[in-house]
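A quick write-up on the structure given underneath.
Remember, it's a predicted structure, so these values are computed and weren't measured experimentally. We name chains A, B, ... by the order of the sequence lines, and we start the count at 1 in each one.
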Amino acid sequence: MTGRRRALLLLLLPLIPVLAAILAATLAPWVAPHSPTASRLSARLTPPAWQGQGTVAQLFGTDLLGRDVLSRLIWGARISLLIALAATILGAAVGSLLGLVTGYYRGRVDRVVTKLIDVQLAFPFVLLAIAVIAVAGPSIPVLVVVLAIGSWVGHARIVRGLVLGLREREYVQAAKALGAGTPRVIFRHLLPEVLSVILVLATFDVGRIIILESTLSFLGLGVQPPTPSWGSDLRDAAAYVRQAWWIAAFPGLAIMIVVLGVNLVGDVLRDILDPRTVPATRQA
Amino acid sequence: MRYIARKLAHTVFVAFGVVTLVFAALRMSGDPAATMLPGDASVEELRDLRHALGLDQPLHVQYVKFLASAVTGDFGTSLRHQEPAMTLVLERLPATLELAFAALFLSVAIGLPLGIVAALHRGRLADMMAMAFAVVGQATPYFWMGIMLILIFAVELRWLPTSGRGGIERLILPAVTLGTHFMAVLARLTRTSMLEVLGQNYVTTARAKGLAERAVILVHALKNAAVPVVTLIGLQFGTLLGGAVVTETIFAWPGVGRLAVQSIFVRDYPVVQAGVFVLALSFVAINLLVDLLYGWLDPRTRTAEAG
């Protein structure tokens, strides 16, 4: 295989689960075989189609309340991806903006933000989330904000570092000398230079945030039942794993495969756009 | 000595910041009194509780009081257990640290050699298998790993117990659950770091001197490759403490994390506060240790930051 075909394959393969999840999320009302919340107690804990009393109508079996596992997976993709996307965009926007501003201005704002970053990095994210959610109560908007709080730091730190180097470049100095205002320098001259790095960072964030969201939902601090979400569905599953392996296996597999896909896409993007400045993925 | 003093000062600052952040997170995200009372509580009850918790005072007064309670370790009495919140948390701290260190030990004991082997067999089967494991391990959430381990080793094979603390057999599954993610991250970083070091001149020199390959790798390459690895271990310890919260919940491990999560649901606010505070501070302390170790491993950092 030639190098380019290999590279193309490496990009396309991990895209499959990611695209499948996006399709499932957008087309949920049409592709889900059943309602995700309609319970049928007479059919509770039906095993998947290939096992014992399983039926093809309920391919992946049913859960504790007789709800269709596959349909909940498909609807769960919608919730999990929406939250991950919203939190990633919010975190990336706030973090990058702070990185641009502090790197460009330096001075007091820079010192305050840098200290804040130091402190937050010294704080295990799950604990911060617990503290906030303990008081604010679990809900989807709270979840998005908390997850964004967990991801802005990475953007701020790396963008700031890049801008510190860029601001001394001739083209930036020239723009300033020609009378370009600060917003113009930041958005027209600096932002385009760091955009590819932000994109790579954000891709890794999506994977990380899907895991964090499902973790918080699993703990009962995120998406609340009966809303289908991969994490909160696993909460019931953990208690009934002895009786029904399928309600535990499938949502977790979904998380794993999608996150794996997103991370691999991130790896490829990093290799293409920016091989050195972006650090490896981290789960907080 | 100046290096140590500087690191200590930084740690005190960060600890102070962490306390402030806990305060901000707990006070600014809502009214704890309203969260603690049942929905049908009267206005008087709410006022009394706000008064009892000191929430009716101005924010800066609350902040100073919070700092004082952080220094003295007095976060009030648990509403549920009628014991000082701090005592409850400290009773459970050893269990959490035992779990976190067991996971750390496991991930270093397996992740490090895995990374070295992968680097030495770059591009061959061993490398590909190790990296496949690493990539999958990084994409697996702790809690699902825990559930699957229970399903396989406790339900199907009946080899290991699934809950509680005591004896090595009860530690294995939680430690594997908590350690796998870090093991994966560590294997990847060790591989990258080793590959970088193996290309350096001093490694070639060591080989040219006729040293045994074992000595070249263990003494010359590994010690230099260890610098980024040790930094990562420090940074990731916070992740381990965060993951311990989840792992403890799955395996009914009697640690601080499980206590804190349970306390949220019964609205036992002082315990949540004390638990988050103690775990965050443990992380700060571990990071100080790592910084000091780092200075010992790489003497350049001691002078480079001095200016």
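Of all heavy-atom pairs between Leu221(A) and Phe265(B), the closest is CD2-CZ, 4.1 Å. Taking both residues in full, the closest heavy atoms of Leu260(A) and Ala139(B) are given as N-CB, 3.6 Å, listed atom of the first, atom of the second, then distance. Of all non-hydrogen atoms in Asp267(A) and Arg188(B), the two that sit nearest each other are OD2-NH2, 3.0 Å. Here the closest heavy-atom approach between residue Pro141(B) and residue Ile255(A) is recorded as CG-CG2, 3.7 Å. Closest approach of Leu121(A) and Phe283(B) over heavy atoms only: O-CE2, 3.3 Å.
At a 4.5 Å heavy-atom cutoff, the contact between Ile250(B) and chain A is made by side-chain atoms alone. In this structure, the portions of Ala249(A) lying under 4.5 Å from any heavy atom of chain B include both its backbone and its side chain. Proximity to chain A is limited to the side chain of Ile150(B), based on heavy atoms less than 4.5 angstrom apart. For Val261(B), the part lying under 4.5 angstrom from a heavy atom of chain A is the side chain only. Both the backbone and the side chain of Val18(B) have a heavy atom closer than 4.5 Å to some heavy atom of chain A.
When each of Ser214(A), Pro251(A), Gly261(A), Gly231(A) is scored by its heavy-atom pairs under 4.5 Å with chain B, the top score falls to Ser214(A). Per-residue heavy-atom pair counts under 4.5 Å with chain A were compared for Trp144(B), Phe237(B), Phe182(B), and the maximum is reached by Trp144(B). Comparing Val145(A), Leu253(A), Ile210(A) by how many heavy-atom pairs each has under 4.5 Å with chain B, the most go to Leu253(A). Heavy-atom pairs under 4.5 Å with chain A were tallied for Gly17(B), Ala15(B), Gly275(B), Gly257(B); the largest tally goes to Gly17(B). No other option in Val136(B), Leu281(B), Asn287(B) has as many heavy-atom pairs under 4.5 Å with chain A as Val136(B).
Looking only at side-chain heavy atoms (C-beta outward), Asp118(A) and His10(B) come within less than 4.5 Å of each other. In this structure the side chain of Val126(A) never reaches within 4.5 angstrom of the side chain of Tyr142(B), judged on heavy atoms. The shortest side-chain heavy-atom distance between Val119(A) and Phe13(B) falls under the 4.5 Å cut-off. Side-chain contact between Arg235(A) and Phe143(B): absent, with no pair of heavy atoms (C-beta onward) separated by less than 4.5 Å. A heavy-atom distance below 4.5 Å is found between the side chains of Leu219(A) and Val246(B). Here the side chains of Ile133(A) and Ile264(B) are not in contact, with every heavy-atom distance at 4.5 Å or above.
Note that CZ of Phe218(A) is 4.5 Å distant from CD1 of Ile147(B), once rounded to the nearest 0.5 Å. Interatomic distance, CE of Met256(A) versus CD of Gln138(B), reported as 13.0 Å (0.5 Å rounding).
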Could you go through Asn263(A) and Val135(B), starting from their C-alpha distance and side-chain angles, then the distance that decides it, and tell me whether this counts as side chain to side chain contact (heavy atoms under 4.5 Å, CB included)? CA-CA 8 Å; Asn263(A) 283 350; Val135(B) 172; 5.8 Å; no

